[in-house]
There are 2 protein chains.
Amino acid sequence: MHEHHDHEHDHTHDEIKEAVEHLKSSGVRITPQRHAVLEYLIEAEIHPTADDIYKALEGKFPNMSVATVYNNLRVFKDIGLVKELTYGDASSRFDYNTTKHYHVICESCGKIVDFHYPSLDEVEALAETVTGFEVSHHRMEIYGTCPDCKEKH
Amino acid sequence: MHEHHDHEHDHTHDEIKEAVEHLKSSGVRITPQRHAVLEYLIEAEIHPTADDIYKALEGKFPNMSVATVYNNLRVFKDIGLVKELTYGDASSRFDYNTTKHYHVICESCGKIVDFHYPSLDEVEALAETVTGFEVSHHRMEIYGTCPDCKEKH
DNA sequence: TTATTACATTGTAATCTTTATAATTAGTTT
DNA sequence: AAACTAATTATAAAGATTACAATGTAATAA
């Protein structure tokens, strides 16, 4: 268990370094707050909302403003480091962009699970020819009930 | 042109009748406002926001409240007559549920174009086995630049 | 090193969308 | 028509996000 945890930690450590390089090469200044938001996004198991991030970091940065969280999330989004996931009424969730993956979302408890699937190039290609659009990307999510909620039924 | 227009009109007229039947059989009362919202949804070429609908109908119903629009959209959604499409910061858009289709969205002007494609059952099935979720549905959208915006580039 | 400049952060107010609530009105049923 | 139920209205409230002005901090040039 201990080894596993260390391994995990090393993994995210590398990802953070990589992300910081990405910021640097994009000419984005690396501030303590910015670094903390990024670190939280990478280490978090959940797909946090802006408020989740704000709450998680207010211990370390008692004076940090929500605006800072939003500003930095926008910066990260602009350079393609994170993705914003939007769902109707509730707040947006932010997802650190590692490998390509889709999401399966529990309609009962809101849990979001990653799910790998070869990208839907075919659909994009067809859309391009049929609509005349120049396609840049797509969004796909699957909704259902997670195992935990199924049990509680 | 005239004939074509008439034909279109007949078509939506049938759809409205059908939708009204659906409401009746669901035990939903048909009020003038409700009917107007439904009619607008079916006839509108665009995928309107709640505010679009409100603005479009305030001539006919000077005293109608935004709440009425939202209330009725919720009713329509609950009985499966319309779908809500949510995009990040902006307001939700509402789509009258005819046949199954996906959307292609212009990132430059926001235009939404319908696009038919066989439903992605395969992806749902894989997700089910891999995640243990009981899948109910999915959401898929394609983003890009529409022909008009490409020209203006 | 210091001055200058550019960018980030903070705190707060404002905006925007959506929902909640209570009072009124309209439709249904008996 | 009376009683009951549901829908509408008007308004207030909530919640998420952004705008803005002031302040702070890092990078660059002198």
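Letters go in sequence order (proteins before strands), and every chain restarts at 1.
Both B/V28 and B/P62 lie close to DNA chain D; mapped to their nearest nucleotides by heavy-atom distance, the more 5′-ward contact belongs to B/V28. Nearest-nucleotide positions on DNA chain D place B/V75 closer to the 5' end than the other of A/F94 and B/V75.
Remark: the B/E107 side chain and the A/S136 side chain contain an N/O donor-acceptor pair separated by less than 3.5 Å. For the 3.5 Å distance criterion, the side chains of A/T145 and B/E134 fail to qualify, holding no donor opposite an acceptor. B/H138 and B/E124 share a donor-acceptor pair across their side chains, judged by distance under 3.5 Å alone. For the residue pair B/N71/B/T68, the side-chain donor-acceptor check at 3.5 Å is not satisfied. Remark: the A/H47 side chain and the A/D52 side chain contain no N/O donor-acceptor pair separated by less than 3.5 Å.
Using cut-offs of 30° and 60° for the angle between ring planes, the A/H116 and A/H101 rings count as tilted.
The side chain of B/T68 approaches D/dT9 more closely than any other nucleotide in the set D/dA19, D/dT17, D/dT9. Each of C/dT18, C/dT28, D/dT9 was ranked by its minimum atom distance to the side chain of B/R29; first place goes to C/dT28. Of the candidates D/dA7, D/dT9, D/dT17, the closest approach to any side-chain atom of B/N71 belongs to D/dT9.
For the pair A/K24 NZ and C/dC7 C1', the interatomic distance rounds to 18 Å; values are reported in whole Å. Distance, A/I30 CD1 to C/dT9 P: 11 Å, rounded to whole Å. The CD-P distance, from B/E58 to D/dT9, rounds to 12 Å in whole Å. Atom pair A/H35:NE2 and D/dT25:P shows a separation of 19 Å (rounding to whole Å applied). Atoms CD1 (B/I79) and C1' (D/dA6) sit 15 Å apart, rounded to a whole Å. If you take CG of A/L73 and C1' of D/dT18, they are 13 Å apart, rounded to a whole angstrom. Regarding A/I53, its CD1 atom lies at a distance of 16 Å from the C1' atom of C/dT9, rounded to whole Å. Atom CZ in A/R93 sits roughly 11 Å away from atom P in D/dA16 (whole-Å rounding).
Counting any heavy atom pair closer than 4.0 Å across all strands shown, B/N72 reaches sugar-phosphate atoms only and no base atom. Across all strands shown, A/T31 has heavy atoms under 4.0 Å from sugar-phosphate atoms exclusively, and none from any base.
For B/R34, a side-chain nitrogen or oxygen approaches OP1 or OP2 of D/dA7 to under 4.0 Å. For the pair B/S92 and C/dT18, the criterion of a side-chain N or O lying under 4.0 Å from OP1 or OP2 is met. Close to D/dT25, at under 4.0 Å from its OP1 or OP2, lies no side-chain N or O of A/Q33. Note on A/Y70: every side-chain N or O is 4.0 Å or more away from OP1 and OP2 of D/dT18. Regarding contacts with the backbone of C/dC16, every side-chain N or O of B/S91 stays at 4.0 angstrom or more from both OP1 and OP2.
B/S65 contributes a side-chain N or O that forms a donor-acceptor pair with the base of D/dA10 under 3.5 Å.
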